[in-house]
J.: 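My questions will all concern the structure given below.
Please read these numbers as outputs of a predicted model, since none were measured by experiment.
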Amino acid sequence: MAFTKKNEDAVSPVIGVILMVAITVILAAVIAAFVFGMAGNIQKSKVVAATASRISSTAVVITYNGGQDANSLNYVCWTANGANEFTMGSMAGTTTLAVGCSTTLTTGVPLQTNLIGTGYFSDGSSQVIYQATI
């Protein structure tokens, strides 16, 4: 009676590799669904611009330069060192802000003033369109 040796060791590693590949594919699919599902909640940034130039130690000229989304911008609220200073445009949203309009701010802008312009758009969104220490 001859004894034959059966090699059954090869079955276990093959099944292990197949299971690992299957788990990796499932995890990749779950993570991709989660990440791509979240991308729909990201709001597109508006493209508009404003500039500020210091003309004296206490005065700044602010100019609205327009941009790709200029037609949807209703108004811009400007703050200097955290205090509301003035608004450019129509707060009622009935007219859009004219490209190239400018104003001179003469109060509340000493040297090293943190100047922030927040744009408010016709779709109800808002974003900072200018921020600098001047």
J.: CG/Asn74 to CZ/Phe121 distance, rounded to the nearest 0.5 angstrom?
T.: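 It comes to 9.0 Å.
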J.: Answer with yes or no whether the hydrophobic clustering places Val48 together with Val99; edges join I, L, V, M, F, W, Y residues whose side-chain heavy atoms lie under 4.5 Å apart.
T.: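 In one cluster with Val48: Val99, yes.
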J.: Supply the atom-to-atom distance Leu19 CG to Thr24 OG1, rounded to the nearest 0.5 angstrom.
T.: 10.5 Å
J.: Which residues satisfy the side chain to side chain contact (heavy atoms under 4.5 Å, CB included) test with Ser45, sequence neighbours excluded?
T.: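 For Ser45 the side chain to side chain contact (heavy atoms under 4.5 Å, CB included) partners, ignoring immediate neighbours, are Gln127.
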J.: If you round to the nearest 0.5 Å, how far is CG of Asn65 from OG1 of Thr51?
T.: 4.5 Å
J.: Hey, does the side chain of Asn114 reach the backbone of Thr133 with a donor-acceptor pair shorter than 3.5 angstrom?
T.: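 Between the backbone of Thr133 and the side chain of Asn114 there is no qualifying donor-acceptor contact (under 3.5 Å).
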J.: Going by the salt bridge (Lys or Arg N to Asp or Glu O under 4.0 Å) test, which pairs reach into residues 21-32, not counting sequence neighbours?
T.: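 Every candidate salt bridge (Lys or Arg N to Asp or Glu O under 4.0 Å) pair involving residues 21-32 fails, so no pair, neighbours aside, qualifies.
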J.: My understanding is that only residues two or more places apart in sequence, or in another chain, count here; which of them pass side chain to side chain contact (heavy atoms under 4.5 Å, CB included) with Ala50?
T.: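 In terms of side chain to side chain contact (heavy atoms under 4.5 Å, CB included), with neighbours along the sequence ignored, Ala50 is linked to Trp78, Ile129, Tyr130.
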J.: Does a side-chain heavy-atom distance below 4.5 Å link Val60 with Thr113?
T.: no
J.: Check whether Val47 and Tyr75 end up in the same hydrophobic cluster, where Ile, Leu, Val, Met, Phe, Trp and Tyr are linked by side-chain heavy atoms less than 4.5 Å apart.
T.: no
J.: With a 4.5 Å cut-off on side-chain heavy-atom distances among I, L, V, M, F, W and Y, is there a chain of contacts connecting Ile62 to Ile55?
T.: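 In one cluster: no.
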J.: Output every pair passing salt bridge (Lys or Arg N to Asp or Glu O under 4.0 Å) with a member in residues 60-83, not counting sequence neighbours, ordered by first then second residue.
T.: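 Residue pairs with at least one partner in residues 60-83: there are none.
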J.: Under the side-chain hydrogen bond (donor to acceptor under 3.5 Å, both in side chains) rule, collect the residues that match up with Asp123, sequence neighbours excluded.
T.: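 Result, side-chain hydrogen bond (donor to acceptor under 3.5 Å, both in side chains) vs Asp123: Lys46, Ser125.
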J.: For the residue pair Ala59 and Thr104, what are the closest heavy atoms and their distance?
T.: CB-CG2, 4.4 Å
J.: Between OG1 of Thr63 and CE of Met88, what distance do you get to the nearest 0.5 Å?
T.: 7.0 Å
J.: May I have all residue pairs that pass salt bridge (Lys or Arg N to Asp or Glu O under 4.0 Å) and include part of residues 50-59, sequence neighbours excluded?
T.: none
J.: So which heavy atom on Ala52 is nearest to which on Ile134, and how close?
T.: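 Closest heavy-atom pair between Ala52 and Ile134: CB-CD1, 4.3 Å.
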J.: Nearest 0.5 angstrom please: Cys77 SG to Ile116 CD1, how far?
T.: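 Rounded to the nearest 0.5 Å, the SG-CD1 separation comes out at 12.0 Å.
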J.: Which pair of heavy atoms, one from Leu73 and one from Gly119, lies closest together, and at what distance?
T.: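 In this case the closest contact between Leu73 and Gly119 is CD1-CA, 3.7 Å.
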